[in-house]
Amino acid sequence: MTEACVILDIGGVLEFTPDTGWVQRWEERLELPRGTVHARMHDIWRAGSVGSVSEQDVHEQVAVRLGLDAPQVDAFMADLWAEYLGTPNEELIDYLRGLRGKCRLGILSNSFVGARERETTLYRFDALVERIVYSHEIGIEKPDPRAFDAACAAMGARAEDCLFVDDVAVNVEAARATGMQAHLYEDNARTITRIAAHLDAGTFPPAEPDASRRP
């Protein structure tokens with residue numbers, strides 16, 4: 001029997017990442033109109049998410065575009081990473097640890113340059129799963145179908161044997177379009193139930209309703 005595979009998103013699934021308001025605080029501190037930071041940094045945020053700039057490039061552009069000195073840049077980036085990394089979803093992580101030997105586990109995450117090093121240090125996701133596919137390392141973000149293909153290839157698994165878990169509906173639908181099974185993360189209880197069903201004797205439940213139609 002083909003071994004089942006579960007591939008999970010990080011932000012909003014393995015990490016809780018609520019808005020901390022750090023951008024607004026910086027705009028107030030710098031006396032900038034609301035929305036200025038994202039307007040000035042949008043292309044750099046995008047480039048960082050697909051790995052076309054380095055962390056050093058990001059720091060340099062933050063300094064130039066926002067008029068910050070070196071200590072301010074360090075503080076600004078520390079606030080960015082505090083929100084990005086959030087807090088671990090301990091219940092789900094503990095459940096996944098218990099699945100070792102029962103299935104293949106992987107991660108597919110839209111990310112930012114520097115994420116692997118920080119998440120490895122804080123959360124040891126590298127010890128939780130077999131493979132982690134970051135958008136900044138492959139140059140492709142979800143919901144691009146190539147991102148899901150890359151995750152399956154990294155796991156050495158067929159799409160139909162993989163359950164993908166994400167908290168963004170468009171990513172869930174995109175995964176299904178590539179042939180994967182997919183689940184929209186809403187809470188731990190339903191997600192754990194769905195993963196357990198996926199692993200149950202190699203039999204899988206019927207496709208879930210269109211996630212894009214959920215309230």
Side-chain angles (χ1 to χ4, degrees), residues 4-19 45-46 48-51 80-81 83-97 99 103-120 122-155 157 159-199 207-208 210-212 214:
C5 174
V6 179
I7 299 175
L8 304 101
D9 177 39
I10 294 181
V13 178
L14 295 177
E15 295 170 0
F16 296 128
T17 56
D19 185 349
W45 299 155
R46 170 64 182 162
S49 71
V50 293
L80 179 154
W81 284 114
E83 179 177 290
Y84 182 101
L85 296 167
T87 57
N89 183 350
E90 297 285 10
E91 181 183 18
L92 183 58
I93 291 170
D94 286 345
Y95 171 74
L96 295 171
R97 287 195 186 103
L99 295 182
C103 69
R104 310 282 304 283
L105 291 173
I107 284 173
L108 173 61
S109 175
N110 284 356
S111 54
F112 196 73
V113 285
R116 180 181 289 272
E117 296 80 3
R118 289 169 174 83
E119 286 171 334
T120 296
L122 280 179
Y123 303 135
R124 293 304 312 274
F125 290 145
D126 61 321
L128 180 68
V129 303
E130 295 178 36
R131 296 286 185 274
I132 305 176
V133 177
Y134 283 109
S135 68
H136 75 275
E137 294 177 347
I138 64 171
I140 303 166
E141 286 189 299
K142 300 172 291 185
D144 189 315
R146 294 174 296 170
F148 303 101
D149 292 341
C152 291
M155 296 298 295
E160 57 266 33
D161 296 323
C162 295
L163 173 67
F164 176 66
V165 179
D166 200 294
D167 64 320
V168 177
V170 67
N171 294 337
V172 169
E173 292 307 316
R176 289 189 182 132
T178 68
M180 300 175 77
Q181 298 180 62
H183 170 75
L184 180 66
Y185 177 88
E186 294 171 296
D187 58 50
N188 286 335
R190 278 178 280 194
T191 296
I192 289 170
T193 297
R194 181 64 180 89
I195 292 172
H198 181 71
L199 305 183
E208 297 179 29
D210 185 343
S212 65
R214 296 188 183 188

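Every salt bridge (Lys or Arg N to Asp or Glu O under 4.0 Å) that Glu130 has, sequence neighbours left out, goes to Arg104. Applying the side chain to side chain contact (heavy atoms under 4.5 Å, CB included) criterion to Cys152, with sequence neighbours excluded, gives Ala159, Cys162, Met180. In terms of the side chain to side chain donor-acceptor pair (under 3.5 Å) criterion, residue partners of Thr191 (sequence neighbours excluded) are, by chain and number, His183. Here Asp149 pairs with nothing under the side chain to side chain donor-acceptor pair (under 3.5 Å) rule; sequence neighbours left out. Partners of Tyr123 by ring-ring contact (aromatic ring centres under 6.0 Å, His included), not counting sequence neighbours, listed by chain and number: Phe125. The side chain to side chain contact (heavy atoms under 4.5 Å, CB included) search around Thr120 returns Arg116, Arg124, Asp126, not counting sequence neighbours. Glu141 pairs by the salt bridge (Lys or Arg N to Asp or Glu O under 4.0 Å) definition with Arg46, not counting sequence neighbours. Here Arg131 pairs with nothing under the side chain to side chain donor-acceptor pair (under 3.5 Å) rule; sequence neighbours left out. Scored by the side chain to side chain contact (heavy atoms under 4.5 Å, CB included) test, Ala189 finds Asp187 as partners (sequence neighbours excluded). Evaluation of the side chain to side chain donor-acceptor pair (under 3.5 Å) rule for Tyr84 yields no partner, not counting sequence neighbours.
The shortest distance between side-chain heavy atoms of Asp166 and Leu108 does not fall below 4.5 Å. Residues Leu96 and Ile195 form a side-chain contact, since some pair of their non-hydrogen atoms from C-beta on lies under 4.5 Å apart. You'll find the side chain of Leu92 reaches within 4.5 Å of the side chain of Leu8, heavy atoms only. When side chains are defined from C-beta on, Asn89 counts as touching Tyr185, because their heavy atoms get closer than 4.5 Å.
The 12-atom threshold is not exceeded at CZ of Arg146, counting heavy atoms of other residues, nucleotides or ligands nearer than 6.0 Å.
A pairwise comparison of heavy atoms in Ile93 and Leu128 identifies O-CD1, 3.9 Å as the closest pair. The minimum heavy-atom distance between Ala147 and Ile138, with the atom names listed, is CA-CD1, 4.3 Å.
The list of side chain to side chain donor-acceptor pair (under 3.5 Å) pairs with a residue in residues 6-19, not counting sequence neighbours, reads Asp9-Lys142.
Side-chain atoms of Ser135 do not come within 3.5 Å of backbone N or O of Val50 as any donor-acceptor pair.
Between atom OG of residue Ser109 and atom NE2 of residue His136 there is a gap of 9.0 Å, rounded to the nearest 0.5 Å. The CZ atom of Phe16 lies 15.0 Å from the CG atom of Leu85; values are rounded to the nearest 0.5 Å. Note that CG of Leu122 and CD of Glu117 are 12.0 Å apart. Values are rounded to the nearest 0.5 Å.
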